[in-house]
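Worksheet for the structure shown next.
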2 protein chains.
Amino acid sequence: MNVGGQSLEFILVKFPSLELSESLLRNSLKRREFVTVAGNCECRYTGRASSHLGWGERLILIKGDGSIQVHRPKGYEPVNWQPPQCNFYVHRSGGLLFIEAHRRRPRESLTLNFDRIIFYSSFKPVDNAEFNLYVSEEQMRDALIRDPSILEDGLELVDFERKVEPGFIDFYGRDADGRLVIVELKRSQAGKEAILQLKRYVDAVLKITGQNVRGVLAAPRLKSGAQGLLVELGLEFRRLTPRKCAEVLKKSGTRKISEFI
Amino acid sequence: MNVGGQSLEFILVKFPSLELSESLLRNSLKRREFVTVAGNCECRYTGRASSHLGWGERLILIKGDGSIQVHRPKGYEPVNWQPPQCNFYVHRSGGLLFIEAHRRRPRESLTLNFDRIIFYSSFKPVDNAEFNLYVSEEQMRDALIRDPSILEDGLELVDFERKVEPGFIDFYGRDADGRLVIVELKRSQAGKEAILQLKRYVDAVLKITGQNVRGVLAAPRLKSGAQGLLVELGLEFRRLTPRKCAEVLKKSGTRKISEFI
DNA sequence: CGTGCCAGGTGCCAT
DNA sequence: ATGGCACTTGGCACG
């Protein structure tokens with residue numbers, strides 16, 4: 001597919017013959033298109049386990065990355081599937097259309113045979129958007145204030161949004177050993193920028209107080225490759241997930257933040 | 001859909017207008033059909049966590065059980081979804097078509113807005129087939145109950161699925177020397193987790209009975225590196241393959257498990 | 001590559 | 001409803 005609502009290599013066929021379906025499939029697989037097929041089929045899987053599913057009408061998705069999934073009329077999860085990067089073989093035999101999806105490591109295969117196709121569709125979706133899973137940074141901060149122990153046992157709040165030279169420190173606390181702890185929060189994957197920001201805060205507070213200061217980066221995850229810089233600068237990472245924050249916020253209920261400070 | 005390859009309430013439309021799509025959707029949702037829609041959309045989720053996905057072309061499945069899933073061109077898993085039994089709201093606003101899927105307990109919602117539909121399909125799949133997965137952990141347990149000697153000569157069943165403090169013991173027996181044996185089953189490669197789980201059971205039973213207790217981990221194989229922990233904790237490993245279990249189940253036939261206990 | 005750990009996990013079955 | 005746990009778990013980061 002492409003811009004302007006005009007079809008580019010977009011195919012949609014109602015009740016294609018098995019012969020036509022076979023050639024459409026071969027073509028789509030070669031082009032790595034997103035294929036959607038509905039039809040009456042039987043499914044066999046063998047690999048880590050084995051399974052058999054008798055005849056019935058289902059919807060099959062085959063994606064350009066080489067994944068396949070078979071959906072029955074009910075249930076969120078596919079009844080049979082194969083993860084990305086498997087090899088497909090399409091052939092007709094005995095009046096049936098076969099789709100095989102093979103994978104190595106672990107060695108397993110999924111075989112579907114159709115006696116009737118209800119519809120066939122293929123297109124190349126244009127989708128470059130970024131997916132973000134998050135709570136707001138403010139919600140994360142609120143959760144941490146209400147229960148600092150979600151980050152570390154014994155951690156206690158001293159102040160938040162404290163102004164220092166480079167900016168505002170998200171969370172300013174003291175750990176079980178009495179050491180100062182500066183926490184920098186990121187609502188999604190944290191990268192080098194966040195690490196350097198935290199370092200500036202740590203340096204500033206060290207300069208002001210002269211005390212030993214710990215710098216902790218709290219985020220759902222660390223960008224790959226950022227670990228090195230973190231360690232190099234003597235900082236720490238603590239995983240803090242949207243889920244955990246949501247739990248705390250729910251548990252502590254509607255009470256105002258002011259009650260916790 | 002129904003027999004004979006003839007359409008019964010089967011709809012397939014290429015590039016429907018948002019207006020038409022809205023009315024088709026309302027109808028399909030009312031009839032609890034299996035809906036497949038491809039289109040350019042934006043997705044927002046809020047509930048246990050929150051997420052946002054910018055504009056892009058995706059495929060959406062809505063099943064008759066009230067589940068919905070949004071598939072991007074790559075990846076086995078849907079980027080956004082909602083499990084069965086949620087409520088749908090469809091409306092148009094500001095030149096966009098909105099689909100909302102709401103759920104209570106946990107309270108969460110998924111909202112999709114489309115500016116263009118690539119194709120719309122709906123049908124009522126006929127699928128009454130039974131799905132069979134071979135050699136599940138339960139089947140392994142059944143095989144072991146029917147013939148404990150597959151694990152060790154002289155082993156006899158005392159109880160299964162026995163409740164102790166940490167959870168349920170898969171198989172609880174007595175060996176040729178009269179010692180208690182606790183078996184933890186894994187249908188595939190067993191790792192550290194399984195060993196620790198077994199250890200908890202052994203400790204619990206030891207505490208209760210005061211008797212000498214053997215802990216046996218039974219699985220097709222042990223993860224490399226797990227051997228050390230096993231020995232360290234005084235536990236044992238016995239290889240038990242799906243094939244062997246299948247043999248036992250086949251030999252003992254269709255007789256019910258209750259005949260063996 | 002394997003190994004470990006998290007997930008908006010989901011699903012199943014128990015109390 | 002809540003808890004324990006398996007899952008063809010899938011996915012990602014790390015050694």
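Computation of the quantities below employed the complete heavy-atom set of this structure, encompassing side-chain atoms and omitting hydrogens, waters and symmetry-equivalent molecules. All chains are named by letter (A, B, ...) in the order of the sequence lines, taking the proteins before the strands, and each is independently numbered beginning at 1.
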**Asked** Is D203(B) salt-bridged to K199(B), going by a charged N under 4.0 Å from an acidic O?
**Response**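 Yes.
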**Prompt:** If you measure from the Lys or Arg side-chain nitrogens to the Asp or Glu carboxylate oxygens, is any gap between K223(A) and E193(A) under 4.0 Å?
**Reply:**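 Result for this pair is no, no salt bridge flagged.
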**Asked** How does DNA chain C look in dot-bracket form if you count Watson-Crick and G-U pairs under 3.5 Å, write [ ] for pairs that cross, and put | where a base pairs with another strand?
**Response** |||||||.|||||||
**Request:** Report the residues that fulfil side chain to side chain donor-acceptor pair (under 3.5 Å) with D65(B), sequence neighbours left out, ordered by chain and then residue number.
**Result:**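 So D65(B) forms a side chain to side chain donor-acceptor pair (under 3.5 Å) with S67(B).
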**Asked** Residues in side chain to side chain donor-acceptor pair (under 3.5 Å) with S122(A), at least two apart?
**Response**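 With sequence neighbours excluded, S122(A) shows a side chain to side chain donor-acceptor pair (under 3.5 Å) to S28(A), E33(A), given in chain and number order.
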**Asked** Residues two or more places apart in sequence or in another chain: which of them pass salt bridge (charged side-chain N to carboxylate O under 4.0 Å, His left out) with E100(B)?
**Response**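 Salt bridge (charged side-chain N to carboxylate O under 4.0 Å, His left out) check on E100(B) returns nothing, list empty.
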**Selection residues 39-48 of chain B - residue pairs positive for salt bridge (Lys or Arg N to Asp or Glu O under 4.0 Å), sequence neighbours left out** =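 Sorted pair list: E42(B)-R44(B), R48(B)-E108(B).
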**Item:** Residue pairs, two or more places apart or on separate chains, that pass salt bridge (Lys or Arg N to Asp or Glu O under 4.0 Å) and touch residues 72-83 of chain A
**Value:**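 Counting only pairs at least two positions apart or across chains, the salt bridge (Lys or Arg N to Asp or Glu O under 4.0 Å) contacts touching residues 72-83 of chain A are R72(A)-D127(B).
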**Prompt:** Once each nucleotide of nucleotides 8-15 of chain D is scored for protein heavy atoms under 4.0 Å, what B/S/- sequence comes out, 5' to 3'?
**Reply:** BSSSSSS-
Roughly, in whole Å, what's the span from [atom1] in [X] to [atom2] in [N]?
X       : N      : atom1 : atom2 : result
K244(A) : dA7(C) : NZ    : C1'   : 15 Å
N132(A) : dG8(C) : CG    : C1'   : 15 Å
E193(B) : dC7(D) : CD    : P     : 12 Å
K192(B) : dG2(C) : NZ    : P     : 18 Å

**Request:** Classify the nucleic acid contact of S50(B) as base, sugar-phosphate or nothing, counting any heavy atom under 4.0 Å across all strands shown.
**Result:**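 If one applies the 4.0 Å heavy-atom cut-off, S50(B) turns out to touch nothing in the nucleic acid.
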**Asked** Excluding sequence neighbours, so at least two apart, what forms side chain to side chain contact (heavy atoms under 4.5 Å, CB included) with Q211(B)?
**Response**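 Side chain to side chain contact (heavy atoms under 4.5 Å, CB included) list for Q211(B), sorted by chain: R174(B), L180(B), T209(B).
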**Asked** Who pairs with L133(A) by side chain to side chain contact (heavy atoms under 4.5 Å, CB included), at least two apart in sequence or on another chain?
**Response**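 For L133(A), the residues satisfying side chain to side chain contact (heavy atoms under 4.5 Å, CB included) (neighbours in sequence not counted) are F131(A), A49(B), S51(B).
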**Item:** P-based separation of dG8(C) from dG4(C) [nearest Å]
**Value:**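 Each nucleotide's P atom is 22 Å from the other's.
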**Asked** Can you name the nearest heavy-atom pair linking R58(B) to C41(B), along with the distance?
**Response**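 Looking at all heavy atoms of both residues, the closest pair is NH1-O, 2.7 Å.
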Could you write out each protein N or O paired with an N or O of nucleotides 2-4 of chain D at a distance under 3.5 Å?
none

**Between CZ on residue F114(A) and CD1 on residue I99(A), distance to nearest 0.5 Å** =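 The distance works out to 4.5 Å.
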**Request:** Could you list by number each residue of residues 60-73 of chain A showing a heavy-atom separation from DNA chain C of less than 4.0 Å, or answer none if no residue does?
**Result:**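 Going residue by residue through residues 60-73 of chain A, none turns out to have a heavy atom under 4.0 Å of DNA chain C.
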**Plane angle bin for H91(B) and F98(B) - parallel if under 30°, tilted between 30 and 60°, otherwise perpendicular** =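 It falls in the parallel class, under 30°.
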**Prompt:** Under 4.0 Å between a side-chain N or O of R141(B) and OP1 or OP2 of dC5(D)?
**Reply:**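 False: R141(B) side-chain N/O out of range (4.0 Å or more) of dC5(D) OP1/OP2.
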**Prompt:** ring pair (Phe, Tyr, Trp, His ring centres under 6.0 Å): which pairs involve residues 44-72 of chain B, sequence neighbours left out?
**Reply:**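 Qualifying pairs, neighbours excluded: none.
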